[in-house]
Amino acid sequence: MSKKIVSSSNNNNISLTTSQVSYTERDMRYARILSKAIQCKTVSMDPIIDHNRPKERGDDDSFKDNHESIKSSQEKNDASQLDEEFKKLHDLLRNEFPILHKKYPPLTISKHSLLYRIEGDRSIDESSTITKKGNVDESQHLKPILLCSHLDVVPTPSPEMWDYSPFAGDIVNGFIWGRGAIDNKHNVIGQLAAVESILAKNIRLRRTIYIAMGHDEEIGGLNGARNISNHLMKNLCSNSSNSESNNYSKDKIDSNYPFEFILDEGTMMVSNAIPGQRGHLAMIGTHEKGWMTVELTVKGNGGHSSIPSIDKPSSNPIAIMSRAIHNLEEQQMSPHFEKGSSFRNTLEFIADELSPIMKFLCKNLYIFQYFLKNILVRASNGAAASIRTTTAVTKIYGGEKINALPNEVKAYVNHRIHPLDTIESVLEHDRCVINDPRVSLRLTNGSTPPSPISDYKSYGFSKIQKCVKSIFGHSSTPMLVMGNTDTRWYWKLSKNIFRFSPLALSMKETAMFHGLNERIGISALGQICDFYERLIIECDKDEPTIKLCG
């Protein structure tokens, strides 16, 4: 009979079945740190758009003023509470990783984001980089690398549907439960634990390591990653000497692209994600889709619901909008599986890892490309999203009273843009498909085109690939990332930006992202820490980076 250990500490429920598995003290320590981090409710909320709010109350101006006052007070209270939650998280990280924070305290950006700089020991290289004149050749030093993660999480609208409270950080049966367990506080803990371990072992690094942790990735990174990027651009990408710290001048090996590579969250090691795949496959994101939202608006004359229009087709704004949405859903963007397209490149790269039938098809795509394209677009949601721009209607507003026809209806359509499409081509597709002048289309702010494509033959990719094989034993492939990350703000900092989270999941388990019962295994968290430590050390073994320009 198995024995279950249950203890309570810091409002934290810990339950382990000892007959099933045992964990190292190190892994349990990291689990407890992540548990405490989950208890910090660093939730990013979307800006509120209240389409039901009255726009004109000419006979009662006090209504609008009072509404604005209440809204301002609520926002102030929410901001104050969020400040406290981020302070708790910052304090936790400082207390749990004391060596790092004493030697290399982070720079706080935009109040909540953190930027660490772990300086490499340049004296290690200087003996091999002396010029004939006796000076140190600055061009021969290693370029820094940038690791990224984010401190914020998405909301939990239905906490009663979770098996364990989403912000309790319960550790039960070998898992740490709660919002942020795999998005993205596991990477926060993994990256800091890796550096703390290296410093504790007195390992001297030649390469400088930066770690950027934004605080608003889940709502676009406007105040977090964008300002981190601006800070790095100012100090690393400028030829001026106006750096905020003399330390940055040491890292100006290449003022055009200062980082050897950047690694942020992204795709993972997923089983059965690709037709014919056997076991887990590390999908290392070399680029990501673009992002755009189109606002649809239909206006009408309103009127009493007892006397609706007899016009055919209906002039009711809700009916017009319904047809527009139906057309968009039924007539999706065309899939891309031509030579050189993203998912085709992925299949060709891993053909030898697939089942015999899929291997044969992928080795002969010049014959079977149309056949396989038709299979993929129907195989699964993920497969279809891999080869085309997606269309998803996410919000709709209209009508204020049960007995009144609406004057205006709005809907929002979110697109994730395939690299072979553009913002302009997607907007034109929507217009053509809707084909109704009564529906106006407006591109909302914040659109992002598809990212540049990083080279899977590059130094950074090979190092990530090597560490995946070493720690997890899995093969790797370059992959298009469906969602968006903070890397959208870092394009000018490196030519090679990769998006990968060192976590093994099944396709079913990926539903935890932004969903219910988010959790991570204790052993899996320990492996994440091992991965980042191995990556940092591996990137320190090679000959110094040759200066490219600047």
Side-chain angles (χ1 to χ4, degrees), residues 1-40 89 92-93 96-97 149 153 156 159-194 196-197 265 267-273 279-282 467-468 470-474 500-534:
M1 183 174 179
S2 67
K3 179 182 178 183
K4 182 174 283 190
I5 300 175
V6 182
S7 65
S8 180
S9 175
N10 296 325
N11 300 319
N12 196 38
N13 193 29
I14 302 178
S15 170
L16 301 174
T17 305
T18 56
S19 66
Q20 294 176 347
V21 67
S22 60
Y23 302 100
T24 66
E25 178 53 38
R26 186 206 73 151
D27 286 355
M28 284 304 302
R29 177 175 177 267
Y30 292 152
R32 286 189 286 267
I33 296 172
L34 178 57
S35 169
K36 294 175 185 176
I38 289 169
Q39 294 172 47
C40 301
L89 181 56
L92 171 68
L93 299 179
E96 296 292 351
F97 304 109
S149 51
V153 299
T156 55
E160 72 281 356
M161 297 178 66
W162 287 57
D163 291 347
Y164 300 92
S165 177
F167 290 106
D170 289 322
I171 303 176
V172 183
N173 291 333
F175 288 90
I176 308 107
W177 295 70
R179 181 60 87 218
I182 61 172
D183 186 17
N184 188 249
K185 290 179 179 177
H186 66 316
N187 278 332
V188 171
I189 304 307
Q191 291 167 5
L192 298 188
E196 183 82 0
S197 176
E265 64 168 333
T267 37
M268 299 142 294
M269 295 170 289
V270 183
S271 60
N272 305 317
H280 286 87
L281 178 69
C467 292
V468 166
S470 174
I471 299 296
F472 303 99
H474 301 319
F500 173 70
S501 290
L503 176 65
L505 296 174
S506 66
M507 276 300 295
K508 183 179 180 180
E509 288 171 327
T510 61
M512 293 188 292
F513 282 93
H514 295 197
L516 302 176
N517 292 325
E518 187 178 345
R519 62 196 181 276
I520 187 172
I522 295 173
S523 298
L525 179 61
Q527 285 184 306
I528 289 172
C529 301
D530 292 338
F531 170 84
Y532 284 117
E533 183 172 347
R534 180 68 59 87

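Computed from heavy atoms alone, side chains included, the values below leave out hydrogens, waters and symmetry copies.
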Item to complete: Taking salt bridge (Lys or Arg N to Asp or Glu O under 4.0 Å) as the test, write out the residues that go with D27, two or more places apart.
Response: none

Worksheet item: Who passes side chain to side chain donor-acceptor pair (under 3.5 Å) against R519, sequence neighbours left out?
Response: none

Discussion item. Taking the side chain as everything from C-beta on, heavy atoms only, tell me whether F175 gets closer than 4.5 Å to D170.
Written reply: no

Worksheet entry | Derivation and outcome, side-chain contact (heavy atoms from CB on, under 4.5 Å), residues F513 and N184 | CA-CA 10 Å; F513 282 93; N184 188 249; over 6 Å; no

Worksheet item: Which residues satisfy the side chain to side chain donor-acceptor pair (under 3.5 Å) test with N187, sequence neighbours excluded?
Response: S501, Y532

Practice prompt. Please lay out, stage by stage, how W177 and F167 fare under the test side-chain contact (heavy atoms from CB on, under 4.5 Å).
Written response: CA-CA 8 Å; W177 295 70; F167 290 106; over 6 Å; no

Fill in: Interatomic spacing from OH in Y30 to CD1 in I189 - rounded to 0.5 Å
10.0 Å

Discussion item. Strictly by salt bridge (Lys or Arg N to Asp or Glu O under 4.0 Å), give each pair with a member in residues 520-532 just once, sequence neighbours left out.
Written reply: R26-D530

Worksheet item: So do the side chains of E518 and P166 get within less than 4.5 Å of each other, counting heavy atoms only?
Response: no

Worksheet item: side chain to side chain donor-acceptor pair (under 3.5 Å) with E160: which residues, sequence neighbours excluded?
Response: none

Practice prompt. Kindly write out the residues that satisfy side chain to side chain contact (heavy atoms under 4.5 Å, CB included) with I176, not counting sequence neighbours, or none if the list is empty.
Written response: A31, L34, S35, I38, I171, I520, I522, L525

Item to complete: Could you list the residues that satisfy side chain to side chain donor-acceptor pair (under 3.5 Å) with S506, not counting sequence neighbours?
Response: E509

Discussion item. Show me the pairs that pass salt bridge (Lys or Arg N to Asp or Glu O under 4.0 Å) and involve residues 181-190, at least two apart or across chains.
Written reply: none

Worksheet item: Taking only residues two or more places apart in sequence or in another chain, which ones pass side chain to side chain contact (heavy atoms under 4.5 Å, CB included) with S197?
Response: K201, E533

Worksheet item: For E96, which residues count as a salt bridge (Lys or Arg N to Asp or Glu O under 4.0 Å) partner, sequence neighbours excluded?
Response: R29, K36

Worksheet item: Using the ring of each side chain (for Trp, its six-membered ring), is H474 parallel, tilted or perpendicular to F472, with breaks at 30° and 60°?
Response: parallel

Response to the item:
Residues at least two apart in sequence or cross-chain that pass salt bridge (Lys or Arg N to Asp or Glu O under 4.0 Å) with E265, listed by chain then number, are none

Item to complete: Could you tell me which residues satisfy side chain to side chain contact (heavy atoms under 4.5 Å, CB included) with A504, sequence neighbours excluded, listed by chain and number?
Response: M269, H280

